[in-house]
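Read the numbers this way: they start at 1 and go in the same order the structure lists the ligands and their atoms.
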Amino acid sequence: MGENLISTVLRADRQDILRYAPFMGIALLSILVINYFRNPLRNVPGPFWAKFSNLWLVYHTRQGRMHRKIIEVHEKYGPLVRLGPHEISTADIDSLRTIYGSGNDFRKSDWYMPWQGNRKWDLFSERNESIHRAQRRLVSHIYSLSNMKKLEPYVDSAILFLLKKLASMEGEKIDVGRWTRLFAFDVIGEVTFSKRFGFMDEGIDDGAFTMIDNILQCANWVGHIPWFYYLSIWLAPIIGNHLAITQRQGKLLQISQQNIKERKERGTDRNDMLEQLFEVQREKPDKLDDICVASMAASNIFAGSDSTSVSISAFLYHTLRNPEVKKKLIDEINEHAAMNNIPHGTVFDLEIINNMPFLQACMYEALRCHPAVGVSLGRVVPPSGLQIGEQFIPGGSGISANAWVIHQNKDIFGEDADKFRPERWMEEPDRVATMRRNFLSFGAGSRYCIGRNVGWLEMSKAS
Ligand code: HEM
């Protein structure tokens, strides 16, 4: 029967197709309408086309402005918005605890699937929570706050190099966004492989930026239709590989492996992040093989560079646009330099920076106003379902929150949430505690950014 159908379709000429087209159209429309009415999420408001397929998400993600669009749709439709037939975006603050709380069984959604491909180790995109827990436990100490002391001198040396380069360009126009990016990559090279990638030396990258931009652009939309990713991989031998996301498992991993090889040949007396991964490997060779080490180092490059450079740029952008903030910041820096006898041109120690409340407040505020990760953090509702207000969301549905939306919540961040005002982080302690609990720039719960301390270290020092 199946064979007959296939051979009939293959033999069908244009006239046959035209004859059957209206029936096929009606059948498709009926399926869409039936699915629409049977969908338990049909009462959740949202853009019209989003009710029928994920193509609404694909379209807007491809435009690269989803972080703005998502604010717009929440303003229009309220705290719960339907972004796809089975996808809900929440701005309901109470629901965040449940969705992102550790141990609450809301696993990462299939949007992360293409990021991982068929790799067995990728902390960021691993969707099995127990595998993720075991993997993260193995390496978390390397990213701990206490370990940052070891990395501090390497960040300092990259900052001094950046300052030297910027001084040599005095009088020239400088693309700050580009230089923070060159810097952030070089720092990751320094702390991971004990060697800057050398991007700041020449002021150019080696094609890494374009590769990462393409990967991010592709992953963001293809994640909403993961079946398309698998179809493309399956057809690749015939039609070729056109999805940039595959470079995350290919070229990026090779770059990481090449850097590990060179670092092994060079040797080092430093206890860089790679050395610490090797220590884990020596202790537990069955748990962390060479590919896992390469994958972790690649995560540093991929997850650690752009996010940090965007955050530093946001900090500079907002402080420079607000002269009063800038003045207050410079006063605080001068005060601490005088108090600690720090000569001009020296990078401050982390201990001192951690005791500079206004600088800390400016960093929080920059990341609140401009979270580096603009995509929503997708999770899957467990089989027991999820109740948000009056709405029951059945198990298996997709649910996500977006930092760009949450950070504009006036109940949490104040009536002036749309303004850059660092002082809000230094006011009533109870309110500050609530703001910190709902600060999503580094994610939340068990999937909280493992590199947060590295990023914060770089940001505090560079700022
Ligand atoms: C200011 C800088 C940074 C920002 C804003 C940032 C943001 C984030 C966010 C929002 C997540 C959670 C994503 C999710 O739930 O899907 C995340 C996860 C992650 N980040 Fe960062 N990140 C930063 C710096 C870094 C650095 C420097 C590294 C590495 C050295 C890093 C490595 C990772 C990894 C491996 C994960 C996955 C963690 C897991 O699921 O266990 N990040 N980051």
Side-chain angles (χ1 to χ4, degrees), residues 67 96 99-100 102 106-113 115-116 121-140 142-144 147-148 151 154-155 158 180-181 183-193 216 219-220 223 248 256 272-274 276-277 292 295-315 363-364 366-380 399-404 406-407 439-463:
H67 58 298
L96 299 185
I99 298 164
Y100 296 104
S102 300
F106 283 69
R107 71 160 175 85
K108 279 200 168 183
S109 69
D110 292 349
W111 178 82
Y112 292 86
M113 220 184 228
W115 295 76
Q116 180 160 21
W121 180 299
D122 183 16
L123 270 196
F124 172 73
S125 52
E126 178 58 62
R127 282 165 299 127
N128 181 314
E129 278 297 307
S130 53
I131 294 179
H132 171 264
R133 216 174 3 258
Q135 293 182 340
R136 185 157 169 147
R137 206 176 298 133
L138 277 180
V139 295
S140 58
I142 301 173
Y143 297 83
S144 68
N147 207 34
M148 289 306 107
L151 306 181
Y154 316 137
V155 177
T180 57
R181 206 173 182 193
F183 163 76
F185 269 79
D186 269 355
V187 173
I188 285 296
E190 190 84 78
V191 298
T192 311
F193 307 106
L216 284 171
N220 284 344
R248 191 166 186 265
S256 169
D272 57 21
M273 294 179 95
L274 195 58
Q276 297 178 49
L277 285 169
C292 301
S295 178
M296 211 52 235
S299 281
N300 279 12
I301 303 173
F302 191 83
S305 303
D306 266 358
S307 50
T308 309
S309 85
V310 170
S311 304
I312 297 174
S313 300
F315 175 94
M363 290 199 294
Y364 270 106
L367 284 187
R368 181 188 73 81
C369 293
H370 194 116
V373 175
V375 292
S376 300
L377 309 176
R379 302 293 186 264
V380 177
I399 182 93
S400 60
N402 188 302
W404 283 76
I406 302 298
H407 290 180
F439 181 69
L440 268 194
S441 288
F442 290 101
S446 63
R447 308 311 291 260
Y448 190 74
C449 173
I450 198 172
R452 188 262 186 208
N453 294 326
V454 184
W456 201 254
L457 170 72
E458 284 181 53
M459 214 182 145
S460 343
K461 294 218 167 214
S463 307

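Applying the side chain to side chain donor-acceptor pair (under 3.5 Å) rule to N128 yields the partners S130; only residues at least two apart in sequence or on another chain are considered. Listed by chain and residue number, R181 satisfy the side chain to side chain donor-acceptor pair (under 3.5 Å) test with D306 (two or more places apart in sequence, or in another chain). Listed by chain and residue number, E129 satisfy the side chain to side chain donor-acceptor pair (under 3.5 Å) test with S446 (two or more places apart in sequence, or in another chain).
Between S446 and ligand 1, no pair of N/O atoms sits closer than 3.5 Å.
The closest donor-acceptor contact from the side chain of N220 to the backbone of L216 lies under 3.5 Å.
Those atoms of ligand 1 that come under 4.0 Å of a heavy atom in L123, given as number and element, are 39 (C), 40 (O).
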Next on the checklist: Please determine whether side chain to side chain contact (heavy atoms under 4.5 Å, CB included) holds for the pair T180 and F315, giving the CA-CA distance in whole Å, both sets of side-chain angles, and the decisive distance to 0.1 Å.
Outcome noted: CA-CA 11 Å; T180 57; F315 175 94; over 6 Å; no
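The heavy atom nearest to atom 41 (O) of ligand 1, out of those in K108, H132, R447, is found in H132.
At a heavy-atom distance under 4.0 Å, no atom of M363 approaches ligand 1. In Y112, the part holding a heavy atom less than 4.0 Å from any atom of ligand 1 is the side chain. Only the side chain of L377 comes within contact range of ligand 1, with a heavy atom under 4.0 Å; no backbone atom does. Residue contacts with ligand 1 for R136 involve side-chain atoms from C-beta outward but no N, CA, C or O (heavy atoms, distance under 4.0 Å).
Atoms CG and CG, from L277 and N300 in turn, are 7.5 Å apart once rounded to the nearest 0.5 Å.
Here the heavy atom of the protein found nearest to atom 29 (C) of ligand 1 is N300 OD1, 3.6 Å.
When the options Q116, K108, H132 are evaluated for a side-chain hydrogen bond (donor to acceptor under 3.5 Å, both in side chains) with E126, the one that passes is Q116.
Excluding water, every protein N/O/S atom under 2.8 Å from atom 21 (Fe) of ligand 1 is given here by residue and atom: C449 SG.
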